[in-house]
Amino acid sequence: MPSSKLDDLPNAGDRWPALGREGFKTVKWGDMEVGLTTLDQPLDCTHQYVFGGLPGGVCPCPHYGYLFEGRIRAKFPGSDWPDEVIEAGEAYFIPSGHVLVYETDKTRCLEINPADALQTCMDSIEKAIIKMGASGDIPAE
């Protein structure tokens with residue numbers, strides 16, 4: 001049975017470019033992926049989801065996690081669901097169909113996600129980064 005200290009999780013390299021090389025540590029165990037996400041600035045994933053081609057511009061991956069530091073807002077475009085706000089010290093579940101906004105200068109969270117759904121999200125983010133370029137500029141419609 002695998003186990004790891006959070007800081008010993010493998011570095012995901014450029015898998016999530018918006019976080020830099022050290023911001024995303026992750027490992028796949030069975031059909032789940034365990035990840036430690038660290039951000040040093042706010043991040044709104046809206047454009048990454050839209051320009052990455054995710055249907056409806058929303059994330060297809062449900063997230064199960066614990067927020068050590070920061071604040072995360074989950075928006076649910078095209079639904080009647082209100083925004084959910086996760087504060088430091090809270091465990092959370094965010095169903096698929098959301099857009100994540102990391103609202104604070106420093107965020108650190110642990111997530112355990114279905115690996116296939118997370119891979120779909122990561123693939124779309126990679127496509128968005130290519131479209132948006134390294135600068136993160138939003139392409140003209």
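- Residues Trp29 and Ser4 meet the side-chain proximity criterion, which asks for heavy atoms closer than 4.5 Å.
- The shortest side-chain heavy-atom distance between Asp105 and Pro42 falls under the 4.5 Å cut-off.
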Side-chain atoms of residues 87-97: list all donor-acceptor pairs with protein atoms under 3.5 Å, sequence neighbours left out, distances to 0.1 Å.
from	atom 1	to	atom 2	distance (Å)
Glu90	OE1	Glu87	N	2.9
Tyr92	OH	Glu111	OE2	2.7

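- In this structure, the side chains of Leu100 and Gln48 stay at 4.5 Å or more apart for every pair of heavy atoms.
- Counting only distance, with no hydrogens or angles, the side chain of Lys25 and the backbone of Asp7 share a donor-acceptor pair below 3.5 Å.
- Taking the side-chain contact (heavy atoms from CB on, under 4.5 Å) definition, one finds that Asp31 meets it with nothing, sequence neighbours left out.
- Following chains of ILVMFWY side-chain contacts shorter than 4.5 Å, one can reach Leu36 starting from Val27, so the two form part of one hydrophobic cluster.
- Between Phe51 and His47, the ring planes are parallel. Angles under 30° get that label, and only those over 60° would be called perpendicular.
- Residues Leu110 and Val34 have side chains in contact (heavy-atom distance under 4.5 Å, counting atoms from C-beta outward).
- Counting only heavy atoms from C-beta outward, the side chains of Glu84 and Ile72 never approach each other to under 4.5 Å.
- Looking at heavy atoms from C-beta onward, Met32 lies out of side-chain contact with Asn113 at the 4.5 angstrom threshold.
- A 6.0 Å sphere centred on NZ of Lys127 holds no more than 12 heavy atoms belonging to other residues, nucleotides or ligands.
- No more than 12 heavy atoms of other residues, nucleotides or ligands shown are found within 6.0 angstrom of CG on Asp116.
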